[in-house]
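Structure record follows, encoded as structure tokens.
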Amino acid sequence: MKKLLALVLCAVMAFTLLAACTPQTATTDPTPPAELPADADMSTVEGWGAAMRAMHEGTEITVAMATHPGTEAMQRAMVEDFTRLTGIEVNWRVINEVQLNTDLLLDFAGGTGQYDVIMVDGFWIGEFASRGVAEPLSRFINDANQTPPWYDFEDIIAAYRQGISSFDGVQLTIPMAGETRFIAYRTDLFEAHGQTPPTTMAEFLELARFFNGIEDGLFGVSMRAARGIHCASGWMTIMYNFSDGFIDQQTLEPTMTDPGTVESLQFFVDLLQNAPPDVATFTHEEALGTFLEGRAAMWLDATALASRILDPEQSRIYDRVGFVPTPTGPAGDAAALAGWGLGIGANSQNQDAAWAFIVYMTGRPQAKVYVQNGGTPTRASIYLDPEMVAADASFPVQLESFDRAQALVERGISWLPPTENLGPMLDVVGTYANMAIIGQISVEDAIERSQEALLDLDL
């Protein structure tokens, strides 16, 4: 893992130097937009499509995306209708996310503009914003000739719009996939023992202790905690409910010794004393598997995994599961937030046609088709749709959990700190936290060693 991270860091440094030394603007201006037909009816998808066809028929755009269920949904169930409606032909460049990041940075640094639509990880937003890789979208969103009323931008979950797709108030992408985290719990156990699901972190710990060992082979909780990034991710699931994190996101100075951060690690260590004895080797797969087997009373992890919990072919407890948002902590509400968005390459020569693609793929009318074909919901209306809720009973709680994630956004905090040294940073704190979980060092030692190691990273 460390060797891979080192290679990735070297690549990022190379791109940084290349971007600094290479012209970063297109050699020619984007193609001027065609005028909207005077009789255009933008009130329906068909009417909008006819208007787009009048302006863009025969235009070819190149879409650069990561291998992802959302990408597959667009390719499988949506792009043919998009081309039929608009006359815009779509060329795909679908690759793994590491290579995608590389390609997007190199394309921008070279000023070639070969990618019109770009799929951007929320963790890249700060870097892409500072370099100008993605075109700001407000001029498209606010133009009624570009964005029809049925698109309904405000229906997109606020945490996604502001937390993974914007930087310093500038909208750079439109959310297309993501997740937060919440608790799943065994309703049969809670009912049998007269307990109610946790609303606070203190109650979460108390319930983990209560259920741990109450039945043979039963543990109080299951979470990811494998040494390194997995452990860091598990700890961060509850960290922001105690503090603002382990670095100051404005100055990038380490804040491991902040009392709230120390308290959060102590809580995490105490909580996992009520997990399986090998929890310190758990990735998200082992943590989920333990819960699916019915061996844990509670589980705290990604909303994207809820469908597996409710799948009778994968889960022994599919019909006796409830869900609640991440509990409130001493620092208030918070929840994880990660995801992907679609943006427009700053050097694209087909920006209006690229925006038409984004409008169709992420618009409210197509949202259900997208999700039913494997895409992840990003709109509140989908989480409230009776048909969709019938298919996934966790949807209403997922939506509530995004409110907890939005609370963190409103505190001005990104769940994953905006630094190019993110990987090594998470590896450091996750290694020392894991050592504290297994009792190899104390919580205090883990905090002090992490602080020193972060300082050495020169964040």
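- Cation-pi check for Arg186 over Phe219 is not met; the charged atom does not lie both under 6.0 angstrom from the ring centroid and within 45 degrees of its normal.
- Side chain to side chain, Asp333 and Thr328 meet the donor-acceptor criterion of an N or O pair below 3.5 Å.
- Counting only heavy atoms from C-beta outward, the side chains of Ile358 and Val117 approach each other to under 4.5 Å.
- Shown here is Arg411, whose CZ atom has more than 12 heavy atoms of other residues, nucleotides or ligands within 6.0 Å.
- Counted within 6.0 Å of CD on Glu293, heavy atoms from surrounding residues, nucleotides or ligands total more than 12; the atom is thus considered enclosed.
- Side chains of Ser243 and Asp258: a donor-acceptor N/O pair is absent below 3.5 angstrom, by distance only.
- Under the 3.5 Å distance criterion, with hydrogens and angles disregarded, a donor-acceptor pair is assigned to the side chains of Ser394 and Gln398.
- Side-chain contact check for Gln99 and Thr102: no donor-acceptor pair (N or O, by modelled atom type) lies under 3.5 Å.
- Using modelled atom types, one finds a donor on one side chain and an acceptor on the other under 3.5 Å when comparing Glu203 with Thr199.
- Judged purely by distance below 3.5 Å, without hydrogens or angles, the side chains of Asp270 and Gln266 pair a donor atom with an acceptor atom.
- Under the 6.0 Å cut-off for aromatic ring centres, Phe108 and Tyr115 do not qualify, their centroids lying 6.0 Å or more apart.
- Judged purely by distance below 3.5 Å, without hydrogens or angles, the side chains of Arg181 and Thr237 pair a donor atom with an acceptor atom.
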message: Show, in sequence, the C-alpha distance, side-chain angles and deciding distance for Phe267 and Asn241, and conclude whether the side chain to side chain contact (heavy atoms under 4.5 Å, CB included) test is met.
response: CA-CA 11 Å; Phe267 179 93; Asn241 303 85; over 6 Å; no
task: Take Thr283 and Glu286 through the test side-chain hydrogen bond (donor to acceptor under 3.5 Å, both in side chains) and record every step on the way to the result.
output: CA-CA 6 Å; Thr283 69; Glu286 290 81 16; 2.4 Å; yes
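- Between the side chains of Thr44 and Trp150, no donor N or O sits under 3.5 Å from an acceptor N or O.
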